[in-house]
Amino acid sequence: MIEETIISKAIIESYLKDLLNSVESDVIIGGAGPSGLCAGYYLAKKGYKTLLFERGLKPGGGMSGGGMMFNRIVVQDEARSMLDEFDIRCHEYKPGYYIANSLEATACLTDKALKAGLKIFNLVSVEDVIVRENSVNGAVINWSSVKMAKLHIDPLAFKSKIVIDATGHPCEITHIVETKSGGKLLTSSGKIEGEKSMWAEVAERLTLENTKEVYPNLYVCGMAANAVFGGPRMGPIFGGMLLSGKKLAEIVMKKI
Ligand code: 48F
């Protein structure tokens, strides 16, 4: 005999236990694209209490869609070893260009990150941050459906030592901080410099250079890093995203 109320209690209790245990953490990541998942994987693997809030139903961000809905991604030599780290199969298309299935890549990143201990809360958006004495101290979250339904419902606040903006092109968390801090970001103008048009080679290099702190205790990785610091976009080559997440995890580990 199957009792429906046991199913309900199992789901509610298990989820709420995770949620309650997450109110204070080491690191909060906004966005489950490749860079956010990668950063979360390396941090969780080293034992840092790390949460990831993802607005959408599924993790993966822009990775699963590949290039123009052709579900393939390209990764260059520099990030080849990361495909192995995540058990993502690939083959060399031309010297230095590796091609992988974008659905497999997304699934493998998600699987490894979860199993390393990253807590992923999907369908939840970061809508604000906690700020104390000009330093980010956590994220303010709400169900994504609340915004979609245009409901006026107050959010909840989760504290962390570090917040990572991995929200991709719109760099949403940095936008919030820029707006509310009066434009005092650690960029050359103090504001978001804005993403530039596609130039894959330069973009891949700059993604790594731009992976850093943008406001005290707020860090950017992936496409958000280029959008914030004024780098170009790169299209469906993903080595920079993976390396950026890894680099940021290392920076954050040194900081805390
Ligand atoms: O855009 P996205 O995949 O970020 P990424 O890790 O990778 C970029 C590439 O996919 C691609 C590219 C490189 O080849 O140019 O675009 O930098 O994933 C960002 C995720 O953040 C979520 C969004 O739903 C997506 O899954 N997101 C955006 N804003 C919020 C958010 C928010 N405010 N709160 C929570 N999640």
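Both counts, for ligands and for their atoms, begin at 1 and track the order of listing.
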Worksheet entry | Option set E127, H169, M63, R55, criterion heavy-atom distance to atom 16 (O) of ligand 1, minimum |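 Ranked by closest heavy atom to atom 16 (O) of ligand 1, first place is H169.
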
Distance filter under 4.0 Å to [X] heavy atoms, resulting ligand 1 atoms:
| X | value |
| --- | --- |
| G168 | 1 (O), 4 (O), 17 (O), 19 (C) |
| G61 | 3 (O), 18 (O), 25 (C), 26 (O) |
| G235 | 13 (C), 14 (O) |
| E54 | 20 (C), 21 (O), 22 (C), 23 (C), 24 (O), 25 (C), 26 (O), 36 (N) |
| G62 | 2 (P), 3 (O), 10 (O) |
| S35 | 5 (P), 6 (O), 17 (O) |
| G222 | 17 (O) |
| F53 | 35 (C), 36 (N) |

Please tell me whether [X] and [Y] have a donor and an acceptor in their side chains that are separated by less than 3.5 angstrom.
| X | Y | answer |
| --- | --- | --- |
| E193 | S189 | yes |
| Y41 | E85 | yes |
| S244 | T207 | no |
| E3 | T5 | yes |
| K184 | N134 | no |

Nearest-contact summary for [atom] - protein heavy atom, Å:
| atom | value |
| --- | --- |
| atom 9 (C) of ligand 1 | F238 CE2, 3.7 Å |
| atom 21 (O) of ligand 1 | G31 CA, 3.2 Å |
| atom 18 (O) of ligand 1 | G33 CA, 3.4 Å |
| atom 8 (C) of ligand 1 | M241 SD, 3.6 Å |
| atom 30 (C) of ligand 1 | T167 CG2, 3.6 Å |

Worksheet entry | V140 versus P155, closest heavy-atom pair with distance |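 Looking at all heavy atoms of both residues, the closest pair is CG1-CG, 3.3 Å.
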
Discussion item. Could you check whether any heavy atom of V124 sits closer than 4.0 Å to an atom of ligand 1, since that is the contact criterion I want to use?
Written reply: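 It does, in that a heavy atom of V124 comes within the 4.0 Å cut-off of ligand 1.
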
Discussion item. In this structure, does ligand 1 have an atom that sits under 4.0 Å from one of the heavy atoms of G240?
Written reply: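 Checking ligand 1 against G240, which is what was asked, there is no heavy-atom contact under 4.0 Å.
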
Does only the side chain of [X] get under 4.0 Å from ligand 1, or the backbone, or both, or neither? Count heavy atoms.
| X | answer |
| --- | --- |
| M223 | both |
| P59 | neither |
| I237 | backbone |

Practice prompt. Sequence neighbours left out, what passes side-chain contact (heavy atoms from CB on, under 4.5 Å) with K159? Give chain and number order.
Written response: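 With sequence neighbours excluded, K159 shows a side-chain contact (heavy atoms from CB on, under 4.5 Å) to E24, I130, given in chain and number order.
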
Worksheet item: Of the options V220, L218, V214, which is the one that meets L185 in a side chain to side chain contact (heavy atoms under 4.5 Å, CB included)?
Response: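 Exactly one option meets the side chain to side chain contact (heavy atoms under 4.5 Å, CB included) with L185, and it is V214.
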
Item to complete: Determine, stepwise, if the pair D77 / Y98 fulfils side-chain hydrogen bond (donor to acceptor under 3.5 Å, both in side chains).
Response: CA-CA 7 Å; D77 252 338; Y98 297 89; 3.2 Å; yes

Do [X] and [Y] come close enough that some side-chain heavy atom pair is under 4.5 Å?
| X | Y | result |
| --- | --- | --- |
| M223 | M234 | yes |
| C38 | L109 | yes |
| S160 | D26 | no |

Test of proximity, [X] against ligand 1: N or O pairs below 3.5 Å:
| X | answer |
| --- | --- |
| M234 | no |
| S125 | no |
| P236 | no |
| V126 | yes |

Practice prompt. Salt-bridge test for R89 and E104: reply yes if a basic N is under 4.0 Å from a carboxylate O, no otherwise.
Written response: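 Here R89 pairs with E104 in a salt bridge, since their nearest N and O are under 4.0 Å apart.
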
Item to complete: Mind running side-chain hydrogen bond (donor to acceptor under 3.5 Å, both in side chains) on N21 and K119 for me, showing each step along the way?
Response: CA-CA 10 Å; N21 188 38; K119 296 286 177 200; over 6 Å; no

